[in-house]
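Structure, as structure tokens:
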There are 2 protein chains.
Amino acid sequence: MRPSIKSDQTERIVQALKRAGYQATPNRRLVAELVAATGGHFTAADLLERGRRERVNIGRATVFRALELLASLRVVERLDLPSGSHAYVVCDPDAHHHHLVCSNCGKSEDVADGELARLVDDIGRRSGYSIESHRLELFGTCPSCAAAATGTVATARGVQA
Amino acid sequence: MRPSIKSDQTERIVQALKRAGYQATPNRRLVAELVAATGGHFTAADLLERGRRERVNIGRATVFRALELLASLRVVERLDLPSGSHAYVVCDPDAHHHHLVCSNCGKSEDVADGELARLVDDIGRRSGYSIESHRLELFGTCPSCAAAATGTVATARGVQA
DNA sequence: GCCACAAATGAGACCGAGTATCAAGTCCGA
DNA sequence: TCGGACTTGATACTCGGTCTCATTTGTGGC
């Protein structure tokens, strides 16, 4: 069968590493796989736990280092959850965008910057600030969770509990 | 004999406490004063240090508790700095708004939500998510810092970057 | 003013996320 | 094959924040 989207993404991450001159060591591959296997956001602790369950006694520091590396390559991005804790999401390193996160299942989607850029410009002009960066985070319920919540409607979705 | 803007704001905070049924103890007043005296954002550690310098041996927990309380009354709001650390800003508890923070001097301004609400609605409609909350944070350089940075040239430039 | 009770406090233990250090292991080019 | 650079795991540490608990303070009823 055709390579799944997920292993595709793993490969994309590995390539990004190599392109930037880093070694694609087994550990980093593992992290890439785990990251790619996540539909939504995840915490570092999450990843570490999954990593250890997978097979290896991978070090805490190694996971943090790998995540930091991926973040610096813009392959993953750090997110601030409303709870105040941090999470990561995989994302497209090429376009500036924002994240829409399901507060129920944790799934995350990229949202193109588009109109926001204009709005931010506008705010800058009005306030006199020269705006260097902005961050928009959106939290809500994704369609499948909404469907599941309304009870019987829940088709064969299998959204995790 | 009009009270200064700052003690005015202190009073506003104290009133908010009382209105919500909390005691306005000396410690909480102190925190209110310190918070009101800040032009921009501040960290909890910041506040603790200033509090201790002021006069008291105020406990760490007390400061955190007071901040948490004020945050629950929406008198202050928690901010996620690009560095990943947390800060607080005083703000208007009545209107939904966002923060524009000077990454140089730390000064912070409220930005009305306005157009963003429409944009967020739009994103929700397009993505199928039902969006429950959103957060926009803007970082840049405020006019005075920009002026200071460009040295003597200061005046002429203004907004037209 | 006194009393009883609830709220608030300070000290300090604790916790979890993240970083720093360091010695050992691995990779890769000469 | 060798040597240096990169990577790794263990572990100690820092830092923001929370929890616990005994003590203190404030408040309302008498």
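Here is the naming used below: chain letters follow the sequence lines, and residue numbers restart at 1 for every chain.
- Using a 4.0 Å heavy-atom criterion, one finds that A:R65 contacts the bases of the nucleic acid, with or without backbone contacts as well.
- Between the side chains of A:H96 and A:H134, at least one donor N or O lies within less than 3.5 Å of an accepting N or O.
- By the 4.0 Å N-to-carboxylate-O rule, A:R12 lies too far from A:D8 to be salt-bridged with it.
- For A:H98 and A:D110, the side-chain atoms include no donor-acceptor pair closer than 3.5 Å.
- Note: CG (B:L17) to C1' (C:dA7) measures 13 Å, nearest angstrom.
- For B:R78, counting side-chain heavy atoms from C-beta on, the closest listed nucleotide (C:dT19, D:dG17, C:dG10) is D:dG17.
- In this structure, the CZ atom of B:R28 is 14 Å from the C1' atom of C:dG10, given to the nearest Å.
- One interatomic measurement links the two molecules: CG of B:L30 to P of D:dT25, which rounds to 16 Å at whole-angstrom precision.
- Picking from D:dT8, D:dA10, C:dA7 the nucleotide with the shortest atom distance to the side chain of A:T62 gives D:dT8.
- Side-chain N/O atoms of A:T25 include none lying less than 4.0 angstrom from OP1 or OP2 on D:dT7.
- When the side-chain nitrogen and oxygen atoms of A:H86 are compared with OP1 and OP2 of C:dA17, none of them lie within a distance under 4.0 Å.
- Rounded to an integer number of Å, the gap from CG of A:L48 to P of D:dT8 is 14 Å.
- Nearest-nucleotide mapping onto DNA chain C: of B:I58 and A:Q23, the residue sitting toward the 5' end is B:I58.
- In this structure, A:N27 places its CG atom 18 Å from P of D:dC6, rounding to the nearest Å.
- The residues B:R74 and B:D94 are annotated as not salt-bridged, no charged nitrogen and carboxylate oxygen being separated by less than 4.0 angstrom.
- Put simply, OH on A:Y22 is 14 Å from C1' on D:dA5, counting in whole angstrom units.
- Scanning atom types as modelled, no donor and acceptor separated by under 3.5 angstrom connect the side chain of A:R60 and the base of C:dG16.
- Proximity of B:D113 to B:H97: side-chain heavy atoms (C-beta onward) are nowhere separated by under 4.5 Å.
- Between C:dA11 and B:N57, a contact under 4.0 Å exists linking OP1 or OP2 to a side-chain N or O.
- Atom-to-atom, CG of B:L67 to P of C:dT9 comes out at 12 Å; the value is rounded to the nearest Å.
- Put simply, CZ on B:R29 is 14 Å from P on C:dA8, counting in whole angstrom units.
- Remark on DNA chain C: of its neighbouring residues B:R52 and B:G21, the 5'-side contact belongs to B:G21, judged by nearest-heavy-atom nucleotide.
- Ranked by how close their nearest DNA chain D nucleotide is to the 5' end, A:A24 and B:A61 are led by A:A24.
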